[in-house]
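Taking it in order: structure first as structure tokens, then the write-up.
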Amino acid sequence: MSTLTLNAQPASMSLSENPFIGTLKPPANETEEERVQRARALQDAQKVSRQIDESLQETKRLLDRRKNGIRILLLGQAESGKSAVLKNFQLAFTPNQFRKERGVWKTVIQLNLLNSVKTILNVLTDNIDAQLNTPPPSPGSYSNSYNSSKIRRLHLGLSPLLSMETSLNKMLFTETSSGSPEISLPAGSKWKSKLGFPSVSRKSSDDEEPDRLTNSQNALISTFSKLLEASKEDISSLWKDEEVQRTLEEREIHLRDRPGFFLDDVDRIASSHYQPTDSDIVRGRVRTVGFEEYHLVSESAAMKGSEFYITDVSGMRSSRSSWVPFFDDAQAILFLVPLVFNQMLDEDPRVNRVEDSLTLWKEICANVLLANCNIIVFFNKMDILRRILASGAQVRKYVPSYGDTPNETASVAKYFKDRFKAYHKKLSPKPRTFISHETSAIVSGFL
């Protein structure tokens, strides 16, 4: 029988034969300067390696922590009230942190107030231009008290304030959309840190330090507030003018129904000593484009320490295709339906807002990725619905299928609730409970 003999490996290997030692071995004739550079490069490589390891460990820790949290997805068309719902969550579960932000929201709310003033001035200017280009149907039929000379005087009187507002927007919201009449910026821009308050976005590290405002920046904010106070009477008289109200009504511009409306509170808000209330903060408007996730750790006694991960996605029609990646991770969806039956989408004035919400609702209910997800419907803006009905608007004019059902708040709410409930039952991949609430999200503390 032949015997197969294997050559045994040597018990030890010389340094010159070890490939790892050979790679790290200093080159021949290495100068002292080259040796220092090589040692420094090795130290840098080790530092980068440690940072990568630490980053991977931190990512795993955050993913494990998030997996044990309550993950909520906010859905609804643009201006459905998602931001206000989020702030109500913050007020309900993290009231201490919410109220620390009063100083941040003071500036934003005062900017919101001035945006409404600018909207009125633009409407009046457009109205005068239209009158100049159209002969009056009869002598004296144009009795607009806000004639061109009066508007010019207003613009002149408010020009220092408007100029200051432009500078303030550039300082705080460098990425503000130039085409938007309101404060509008990409999600994740950490705008609160620019006013000295850390972001609550999950993307921000726990030890993130807010920006410190310079003396000139503090002076700019202070001067803006004082100029606004000095213009208080002009703003108040502009808003209360009967001709202005008539012009807005004719143009179907309903400022009270818009986010960030504060013209009814001019005397209180246009003050250098103004401090926002909880309700003011909930009503304050900063429009974000894109998605952002907020991490809240509950301070309430009932859910002390519970963690919420709330994702707010843009409701604009062009952004809705980006919702799908968030479906698989959501445990619950809060779907907002603004019951403003007489309003159309800003993106497409041919589409009724409630009908658009219903179309979205059908897609959400039928999506198999959400088969095991709890979906809660908020029939929102009930306060605005009451005001619309009180003005005499008829639902059947905008929603023909409403027919002769009584034009009353309870009947209108029930009609739309029944429609959403029917599609929920018909389209859901598997049976699930229909949960709905009637809300006025701009009212603080509704949760």
Side-chain angles (χ1 to χ4, degrees), residues 79 81 83-84 87-88 90-91 98-124 154-155 157-169 171-173 176 180-185 191-192 194-197 213 217-241 244-245 248 253-287 381 383-384 387 440-445:
E79 297 189 10
S83 175
K87 282 182 277 190
N88 267 293
Q90 293 172 325
L91 178 59
F98 179 87
R99 289 173 177 133
K100 286 178 182 177
E101 299 184 9
R102 292 194 192 280
V104 173
W105 284 100
K106 172 183 176 179
T107 303
V108 171
I109 290 167
Q110 290 184 330
L111 286 170
N112 287 162
L113 174 64
L114 192 56
N115 273 336
S116 295
V117 174
K118 289 164 62 179
T119 297
I120 293 175
L121 292 176
N122 290 337
V123 169
L124 293 176
L154 266 173
H155 272 292
L158 293 174
S159 60
L161 180 62
L162 295 174
S163 176
M164 190 70 66
E165 180 230 15
T166 301
S167 300
L168 194 56
N169 272 324
M171 181 189 90
L172 301 177
F173 312 109
T176 298
S180 174
E182 59 184 348
I183 302 170
S184 176
L185 63 162
W191 63 270
K192 290 180 183 177
K194 297 176 183 178
L195 281 165
F197 196 87
L213 297 179
Q217 288 173 329
N218 277 316
L220 179 61
I221 293 173
S222 176
T223 303
F224 171 76
S225 188
K226 291 176 181 176
L227 281 174
L228 185 64
E229 185 173 38
S231 305
K232 180 163 50 178
E233 290 186 9
D234 286 340
I235 294 173
S236 182
S237 62
L238 174 69
W239 172 239
K240 294 176 181 178
D241 186 272
V244 169
Q245 293 296 326
L248 293 174
I253 296 174
H254 308 292
L255 290 179
R256 282 193 177 90
D257 298 347
R258 295 186 178 185
F261 171 79
F262 291 98
L263 280 172
D264 285 338
D265 304 292
V266 173
D267 290 341
R268 181 172 59 88
I269 290 173
S271 167
S272 57
H273 303 294
Y274 161 66
Q275 285 298 315
T277 64
D278 290 347
S279 178
D280 291 343
I281 297 173
V282 170
R283 292 158 56 202
R285 173 70 166 169
V286 174
R287 178 184 178 188
K381 302 194 176 183
D383 51 337
I384 297 177
R387 189 159 61 243
S440 296
I442 63 169
V443 178
S444 62

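In what follows, residues are counted from 1 in the order of the sequence shown.
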Determine whether a donor-acceptor pair (N or O, by modelled atom type, separation under 3.5 Å) exists between the side chain of [X] and the backbone of [Y].
X      : Y      : value
Arg285 : Phe261 : no
Thr166 : Leu162 : yes
Ser236 : Lys232 : no
Gln110 : Ile269 : yes
Ser237 : Glu233 : yes
Ser116 : Leu263 : no

Measure across [X] and [Y] and return the closest heavy-atom pair with its distance rounded to 0.1 Å.
X      : Y      : result
Asn112 : Gly260 : CB-O, 3.4 Å
Asp383 : Ser440 : N-OG, 3.2 Å
Leu113 : Ala270 : CD2-CB, 4.2 Å
Ser225 : Ser272 : OG-CA, 3.2 Å
Ile281 : Lys87  : O-NZ, 2.8 Å
Ile109 : Pro276 : CD1-CB, 3.9 Å

> Below 4.5 Å, heavy atoms only, C-beta onward: do Asp264 and Trp239 meet side chain to side chain?
Replying inline: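 Yes, side chains in contact.
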
>> Just so I know, are the side chains of Leu121 and Leu158 near enough to count as touching, which here means a heavy-atom distance under 4.5 Å?
In response: yes

Which value, rounded to the nearest 0.5 Å, describes the distance between [X] atom [atom1] and [Y] atom [atom2]?
X      : Y      : atom1 : atom2 : result
Leu114 : Ile235 : CG    : CD1   : 6.0 Å
Lys106 : Leu111 : NZ    : CG    : 12.0 Å
Ser159 : Leu154 : OG    : CG    : 11.0 Å
Lys226 : His273 : NZ    : NE2   : 8.5 Å
Lys381 : Arg387 : NZ    : CZ    : 10.5 Å
Phe98  : Trp105 : CZ    : CH2   : 8.5 Å

> For Arg258 and Asn115, what are the C-alpha separation, side-chain angles and deciding distance, and is it a side chain to side chain contact (heavy atoms under 4.5 Å, CB included)?
Replying inline: CA-CA 11 Å; Arg258 295 186 178 185; Asn115 273 336; over 6 Å; no

> Stepwise, does the side-chain hydrogen bond (donor to acceptor under 3.5 Å, both in side chains) test hold for Asp280 with Thr277?
Replying inline: CA-CA 5 Å; Asp280 291 343; Thr277 64; 3.2 Å; yes

>> I need the full list of salt bridge (Lys or Arg N to Asp or Glu O under 4.0 Å) pairs touching residues 160-169, with sequence neighbours left out, sorted by first then second residue.
In response: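 Listed by first then second residue: Lys118-Glu165.
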
>> Thr223: which residues meet the side chain to side chain donor-acceptor pair (under 3.5 Å) condition with it, sequence neighbours left out?
In response: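 For Thr223, no residue satisfies side chain to side chain donor-acceptor pair (under 3.5 Å) once neighbours in sequence are set aside.
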
>> Checking Arg102 now: which residues fulfil side chain to side chain donor-acceptor pair (under 3.5 Å) with it, not counting sequence neighbours?
In response: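 With sequence neighbours excluded, Arg102 shows a side chain to side chain donor-acceptor pair (under 3.5 Å) to Asp278, given in chain and number order.
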
>> For Leu91 and Arg99: C-alpha separation, side-chain torsions, deciding distance, then whether side chain to side chain contact (heavy atoms under 4.5 Å, CB included) applies.
In response: CA-CA 8 Å; Leu91 178 59; Arg99 289 173 177 133; 3.6 Å; yes

> Does any donor atom in the side chain of Asn122 or Thr119 lie under 3.5 Å from an acceptor atom in the other side chain?
Replying inline: no

